[in-house]
Q: 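One structure follows; several queries about it will come next.
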Amino acid sequence: MQQQPPSPAPSSKLLRLAVAGAALLVVAGGVAFYLASAKLAGQSAGNAILVTIKDGACTPNDITVPAGRSTFKIVNESDRALEWEILDGVMVVEERENIVPGFSQTMEAKLRAGDYEITCGLLSSPRGSLHVTPSAESDAEAARPSVSAFIGPLAELQVFLVTQVNTLAKASKALDEAVKAGDLDGARAAYQAARVPYKAIEPMADMFADLHNMIDPVADYLEKREADPAFTGFHRLEYGLFAQNSTDGLAPVADRLVADIATLKDRLRGLRIPPEQIAKGSARLMRMLGENRIASGHDHYSQTDLADFSANLDGVTRMMALLRPVAIEANAAAVADIEKTTAEMAGALAALRGSDGFPAYAAVAADDRQALAGKARAVGDSIGKLNAALGLE
Amino acid sequence: MKPSRILSTSLFAFAVLAGSSGARAEVSPLDLVGPIADYKIYVSENLEKLVADTRQFTDAVKAGDLDKAKSLFGSTRMSYEAIEPIAELFSDLDASIDSRADDHEKAEKDPGFTGFHRIEYGLFAENSTKDLAPFADKLMADVTDLNKRITDLTLPPEKVVGGAAVLMEEVAATKISGEEDRYSHTDLWDFKANFDGSRKIFDLVRPLIEKDEGDFITKVSANFDKVDETLGKYKTAEGYELYDKLSEDDRAVLAAAVNTLAEDLSTLRGKLGLN
C-alpha cells in the first residue's frame, strides 16, 4: 500500500506557466538534450581523454588506456557533423553520433584489453589506434565473470532451444501423420528427422524427468520390456516401425509423443537456466554416453545410434560455443581442452560414417565402440571442469 | 532550430535529476535472459523479411522498373530501421548499407557512397534506374551477409536495452529534420519502424520493472501511444505520406515525444542493472 504525501495545490496561473515552460524546453531541446546527456557521463567520470577531430584526423591519433572504464571527450573542430566510434575489427564497441561542429561530446566505454581502432571524421578518413592494456581489475573480473556476463550466452541458448524444439514439434507432427496414413517408409524417415533435434537439446530436455520418461524410455529399463505399458515415446514407435515393420497400433503412441513434445516446448520456453547448468548438463550427458550408452546402444530396432550420438555432440558443441566468449577470457586452457576433445569425438564419428551416412549400429565393432566411448568420456571430463574454471562452483 | 548553450545547460541539469532516480529497482541478471532471447527472435524475423524485401526491391531496380522500385523503397527499409541498434553494430556493413552522402568526401559522387541511400538518390533524385544494378547487387549481398553475421552474434544485453533509447536519440538528433530520406521523403516509414523497434525493446523488459516503476511505464507508454496516434494520421494504403505532408504542429508533437522518450528510455539500462 502506498500513500501519496499531501501537497498544496499550486495556483493555476503558476501551473500554466510551468507547463508552458516545460513544453518549450521539451520542444526546443532536440539536439540539446542529446548533447546534454552525452556530457553527463564525462562530468561525473572526471579525467576524460581528449580527442580532437579536425581535417579528417584525430589528435592524438594513438591512445593507450588501461582495461576497464575510460571516458573520452571528443571535440569536433571540423566543419561538418560527425560520429565517433571505437571499433574492434568491424564491430562497433561504442559510438557517439551527430557531434555538431564546434561542439564536444563525452562518452564512457568499458573496454577489454586488446587493440582497437577509432574513427576520425568521414568514412574515408584514416583511423587512429586505441591500445587497451591489461589491468589487475579487468583480469580479476574476466577470471570470475559475473552472472551478467552470462545473459548473452543464456539468451542464445534459449533461442537455440526454441528453434530446435520448434523443429522437433514439426517433425513429430509429420511422424504422427505418416503413422496415421499407414505410410511405413514415410514414418521411418520422419522418425529419424525427429530424433535429431531431440538429441541436440537432450542436455536440457532430460532435466524434465517426467517428460523424458515418456518421450525417450528404453525397453531395457522397463520391467516387461517391450510389453510394458510404460514403454512409450520414440522407442515404442521405433519398435513398431523397425522391428514389427508396421504402423499398426502406433497412432495413440504418436499422438501422445506430439502432446509430450508440446509440453516440452512450453516448459523450455519459460525455463530459467542458471549459467552452471549448461556445462553441468552437457558433461553429464557425454559421460553417460561414455560410460554406458555407446557400449549398449539405445536404438535396438532402427540401429541408428551413431546418428543420435552425433546429434548429441552437435548440441553440446553448440552450447560450448555459446559459452566460449566468456570462458576464453576466464580460462583459455579449459576452452582449448574442450575444443580438442569435442573435435576428437567428431573425428571418430566422421571416421565411422560411410558414403550413405552412418552404418547400422550392429555393424560397429566392439573396439570402435570402446574407442568412441573413450572420446565421449574425455568430452564429458573436459566440460566437467569448466564450471570450476569459470568460478561457477 | 539551433541549440543554445544556455538551453543545453538547463537540460543538462534536468538530466542529472532524472538520472539519479534510476538505480533502485533490483532486477536479477537472469531475468533478462528471456527478453534478450525474445529480442533475438524479433531481430531474426526482421532480418528474414529484410532479405526477402531487399530481393524484390533490387530485382525491380535491376529490371529497370522505376515505379516499382520507388514504391518498394520505403517498405523495404522498415525491417532494417526497426533493428538498427543491432544492425549498426557492424561498422563496415552499416557504412555500405545505410550511409548518407554526407558521410563521404565527395557526397553523392563519391564511389564509396553505396547502399539504400545511393539507390534512393538514383531513383528519386535522378529519376532513373540507370547504372544502379551494381549498387543493387552490392546491397543484396550486404543484407545477406548482415543476416548471417547477426544470426551468429550473441547480442550484447546492454546494446539491446540501450537500443530503445538509441533509436529515439537518432530520430531526435539526425532524422526529425528529414535528412535521412532526403531524396524520397519516405522518412515517416523509417520513423514508424524506429518507434516500433524501440517499443519492442521496452515491451520486452517492461514486466521486469512493472512493480517498481509504474509511473515510468505509464509515461513512456503514453508517449509511444502519442507517436503512434500522430503517425497514424499519415497512414496511406501503401504506407505513409511523404515527409513534407507532416504539419508543423504534428512535427512539434513528434519532436517533443521523441525527446522525452529518448530521455526516459536512456534510464532503462540503469534500471535493469546493465550500466
Side-chain angles (χ1 to χ4, degrees), chain A residues 23 25-40 43-44 56 80-83 85 87 89-93 95 97-98 100 103 108 110 117 119 122-125 146-159 161-163 269-275 322 325, chain B residues 1-4 7-16 19 28-41 44 88-95 99 102-105 110 112 149 154-157 160 166 169-170 172-174 176-177 252 255-256 258-260 262-263 266 273-274:
Chain A
L25 275 178
V26 168
V27 172
V31 177
F33 161 69
Y34 187 71
L35 294 171
S37 62
K39 272 180 187 151
L40 180 62
Q43 301 248 345
S44 57
R80 47 214 280 185
L82 52 82
E83 64 175 0
E85 295 175 331
L87 300 175
V90 296
M91 294 289 295
V92 178
V93 180
E95 68 176 324
E97 289 198 335
N98 200 41
V100 183
F103 277 74
E108 189 176 279
K110 192 177 175 190
E117 286 185 319
T119 60
L122 296 173
L123 286 167
S124 57
S125 306
S146 65
V147 180
S148 305
F150 294 97
I151 298 172
L154 286 167
E156 282 299 310
L157 175 64
Q158 195 73 259
V159 173
L161 294 177
V162 168
T163 313
R269 270 212 76 106
L271 186 62
R272 198 179 153 101
I273 303 170
L322 296 179
Chain B
M1 193 181 303
K2 281 229 166 188
S4 76
L7 185 58
S8 140
T9 309
S10 64
L11 278 163
F12 165 58
F14 182 58
V16 172
S28 156
L30 291 186
D31 289 337
L32 279 160
V33 171
I36 304 286
D38 286 342
Y39 185 67
K40 177 70 179 273
I41 292 167
S44 303
E88 70 186 7
L89 286 179
F90 297 98
S91 61
D92 56 339
L93 292 179
D94 184 35
S99 65
D102 328 312
D103 299 323
H104 301 275
E105 202 177 338
D110 200 294
R149 286 199 212 170
T154 296
L155 301 187
V160 174
V166 164
E169 285 166 6
E170 285 184 13
T174 70
I176 197 91
S177 56
V258 79
N259 280 306
T260 312
E263 180 188 304
S266 71
L274 283 174

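In what follows, chains carry the letters A, B, and so on, assigned in the order in which the sequence lines appear, proteins first and then strands, with residues in each chain numbered from 1.
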Q: Is A:Asn98 reaching over with its side chain to a backbone N or O of B:Ala173, donor-acceptor style, under 3.5 angstrom?
A: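 Flag set: sc A:Asn98 to bb B:Ala173 pair under 3.5 Å.
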Q: What distance do B:Leu32 atom CG and A:Leu154 atom CG have between them, rounded to the nearest 0.5 Å?
A: 11.0 Å
Q: Where on A:Leu87 is there a heavy atom nearer than 4.5 Å to chain B: the side chain, the backbone, both, or neither?
A: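 A:Leu87 touches chain B through side-chain heavy atoms alone.
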Q: Heavy-atom distance under 4.5 Å to chain A: side chain of B:Asp31, backbone, both or neither?
A: both
Q: OG/B:Ser28 to CZ/A:Arg272 distance, rounded to the nearest 0.5 angstrom?
A: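 Rounded to the nearest 0.5 Å, the OG-CZ separation comes out at 4.5 Å.
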Q: To the nearest 0.5 Å, what is the distance between CD (A:Gln158) and NZ (B:Lys40)?
A: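 Those atoms lie 13.0 Å apart.
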Q: Partners of B:Ser44 by side-chain hydrogen bond (donor to acceptor under 3.5 Å, both in side chains), sequence neighbours excluded?
A: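 Per chain and number, B:Ser44 pairs via side-chain hydrogen bond (donor to acceptor under 3.5 Å, both in side chains) with no residue.
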Q: For the CZ atom on A:Arg269, are there more than 12 heavy atoms of other groups (residues, nucleotides or ligands in this structure) within a distance under 6.0 Å?
A: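 Counting other residues, nucleotides and ligands, CZ of A:Arg269 stays at 12 neighbours or fewer.
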Q: Which atom pair, heavy atoms only, marks the closest approach of A:Ala155 to B:Ala37?
A: O-CB, 3.4 Å
Q: Heavy-atom pairs under 4.5 Å with chain A: which of B:Asp102, B:Leu155, B:Val160, B:Ile176 has the most?
A: B:Asp102
Q: How long is the gap from CG on B:Leu30 to CD1 on A:Ile151, to the nearest 0.5 Å?
A: 7.5 Å
Q: Residues in side-chain hydrogen bond (donor to acceptor under 3.5 Å, both in side chains) with B:Ser99, at least two apart?
A: B:His104
Q: Once rounded to the nearest 0.5 Å, what's the spacing between atom CD of A:Glu95 and atom CG of B:Asp94?
A: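 So the gap between those two atoms works out to 7.0 Å.
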Q: Check each atom of B:Pro157 against the heavy atoms of chain A and say whether the ones under 4.5 Å are side chain, backbone, both or neither.
A: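 The side chain, not the backbone.
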Q: Given the options A:Val92, A:Val90, A:Leu82, A:Leu122, which has more heavy-atom pairs under 4.5 Å with chain B than any of the others?
A: A:Val90
